[in-house]
Amino acid sequence: MRKNIILYLFTVSLLTVWSCSKLDEKPESILVTSEFYQNESQATAAVTAAYRKLYDSGQSLYNSLLQIGVEMATDDYEAGPRARNAHVRAISGLTHDSSNDRMEQLWKQSYDAINVSNIAIEKIALIDASQISEQSRAKLINEAKFLRALHYFNLVRWFGDVPLILKETTSLSPESLYIAKSPEADVYAQIIKDLKDAESLPTPLQQTAKDIGRATAGSAKSLLSKVYLTRKDWSNAAAKSKEVIDSKWYSLFDNFADVFNVATKNGKEHIFSAQFQGNSGYQGNSLASRSASADVPGINGDYADALHTAGGLYNTYANEDTRKAVTFVTQLVSPTDGKLYTFAPQFNKYYDPAVIGNQSQSSKNTPIIRYAEVLLIYAEATNEINHGPNADAYAAIDLVRQRARIAKLADISPALNESDFRDAVFLERRKEFVYEYQRWFDLVRRGADYYIATLKAAGKTLAAKRHIHFPTPLREINLNPKLKQHPDWVGY
């Protein structure tokens with residue numbers, strides 16, 4: 001994968017040099033771009049570059065931007081003492097508006113990534129059959145479709161109606177540049193179509209060593225089950241998650257800590273993850289430095305992402321819950337003076353002991369979807385279908401609880417009604433997926449009333465209906481006369 005990335009970046013740098021050499025009615029950069037997609041190696045490099053859009057740098061989408069731009073607007077997180085950016089603090093306090101630069105980055109980076117996927121889908125289809133096997137062609141195109149679906153799934157949940165762009169932008173004409181928003185239903189239809197195509201990817205058992213970290217049939221099916229869940233298509237959510245469960249492709253780690261250990265990354269529970277490798281010319285996981293203590297000598301953390309203590313998250317864990325000590329840290333020994341420092345709970349999932357003084361080089365991956373979530377999707381959807389939990393729903397949630405070494409829900413609350421079991425699943429999701437870009441999505445899919453009540457109970461009293469979406473960035477509206485602001489954000 002790394003050699004492919006180097007090849008792609010070298011080619012892109014050549015394109016930049018050549019395209020800057022002169023202005024021409026037929027720029028050389030366009031000719032070179034078309035000539036790049038000539039064989040299987042180049043196609044693989046192009047799709048590898050599409051993966052890199054997920055986590056390519058600090059404050060890229062899955063390397064802290066979702067935390068800064070999205071999760072700050074929940075009851076579990078707030079801007080820490082060292083988060084000095086006014087736009088970040090505005091999101092944390094729910095005073096953000098359409099001029100917020102994090103909203104702008106969520107939009108820009110997502111569409112940039114979509115464009116890379118669009119180009120790959122189009123160009124790889126045109127490579128001469130003598131230069132690429134049909135098996136490889138289909139695999140690479142479907143990986144790009146999976147990535148496109150993931151980005152649109154985020155966009156439509158953040159912004160509601162959004163422009164649905166499925167082709168490379170090749171012209172500066174108004175017709176090409178100015179695209180109106182498509183209804184949410186149309187965007188979801190395309191997401192589902194792309195993921196159904198991606199279901200034909202190799203299974204995890206068929207994946208070769210060189211493809212570790214890339215999307216598989218299991219990735220597509222699992223993400224599709226989450227799309228159905230978000231749409232409240234309970235039958236399809238239950239069926240698709242059950243398909244993943246019955247496949248036996250995945251299982252839970254015995255120890256929760258192994259979900260985040262470097263030695264066990266891309267393991268049996270990981271369905272699709274953002275890939276990080278510090279101190280290697282690759283990208284380290286900046287969530288580690290953003291959450292690490294700034295007050296322990298030698299740790300050198302940023303402490304920009306803080307636990308919102310008024311939200312009560314820390315106290316939802318039983319003391320015996322093994323997730324608690326993995327998710328949070330309250331004591332550290334300084335590598336500088338050897339003293340033990342005690343402090344209020346801070347996030348700990350991505351802290352990498354191999355790079356104590358430089359957590360920006362953490363090699364821990366960030367899960368985007370893992371098997372524990374598939375189990376909880378199945379439990380939630382089954383409860384909604386049957387208007388109450390059955391034995392299968394209890395069994396699914398209890399697998400997650402048992403791994404955490406806490407009592408089975410079936411033993412302590414064996415006769416929950418539909419509403420109470422729903423709350424139990426959401427509480428389990430909250431405790432299981434801390435700092436994994438899940439909380440805002442979970443709150444808002446329960447609706448504005450639920451989001452507002454939860455945030456106000458946590459002391460974020462400015463919570464309002466408009467906050468279950470983000471505003472269309474003002475810069476994009478100014479650039480594109482066909483874009484309109486989300487109705488809930490007009491006037492803000």
| request: Could you list the residues that satisfy side chain to side chain donor-acceptor pair (under 3.5 Å) with Lys145, not counting sequence neighbours? | output: Asp197

| request: List for me each residue that meets salt bridge (charged side-chain N to carboxylate O under 4.0 Å, His left out) alongside Asp101, sequence neighbours excluded, and say none if there are none. | output: none

| field | Qualifying residues under side-chain contact (heavy atoms from CB on, under 4.5 Å), relative to Gln206, sequence neighbours excluded | value | Pro202, Thr203

| Which of these passes ring-ring contact (aromatic ring centres under 6.0 Å, His included) with His270: Phe253, Trp249, Phe260, Tyr371? | Phe253

| Which word best sums up how the rings of Trp107 and Phe159 line up, parallel for under 30°, tilted for 30 to 60°, or perpendicular for over 60°? | perpendicular

| message | Can you tell me how the ring of Tyr435 sits relative to the ring of Tyr350, calling it parallel under 30°, perpendicular over 60° and tilted otherwise? | response | tilted

| Partners meeting side-chain contact (heavy atoms from CB on, under 4.5 Å) with Ala404 (sequence neighbours left out) | Asp321, Thr322, Arg323, Ile406

| query | What residues, two or more places apart in sequence or in another chain, satisfy ring pair (Phe, Tyr, Trp, His ring centres under 6.0 Å) together with Tyr228? | reply | none

| field | Where at least one partner belongs to residues 59-82, residue pairs that pass ring-ring contact (aromatic ring centres under 6.0 Å, His included), sequence neighbours excluded | value | Tyr62-Tyr437, Tyr77-Phe347

| request: Taking the six-membered ring for Trp and the full ring for Phe, Tyr or His, determine whether the centres of Phe470 and His96 are under 6.0 Å apart. | output: yes

| Once you round to the nearest 0.5 Å, how far does CZ of Arg466 lie from CD1 of Ile452? | 9.5 Å

| message | Using side-chain heavy atoms (C-beta onward) and a distance below 4.5 Å, is His151 in contact with Leu61? | response | yes

| message | Tell me which one of Ile121, Ile127, Ile119 satisfies side-chain contact (heavy atoms from CB on, under 4.5 Å) with Lys123. | response | Ile119

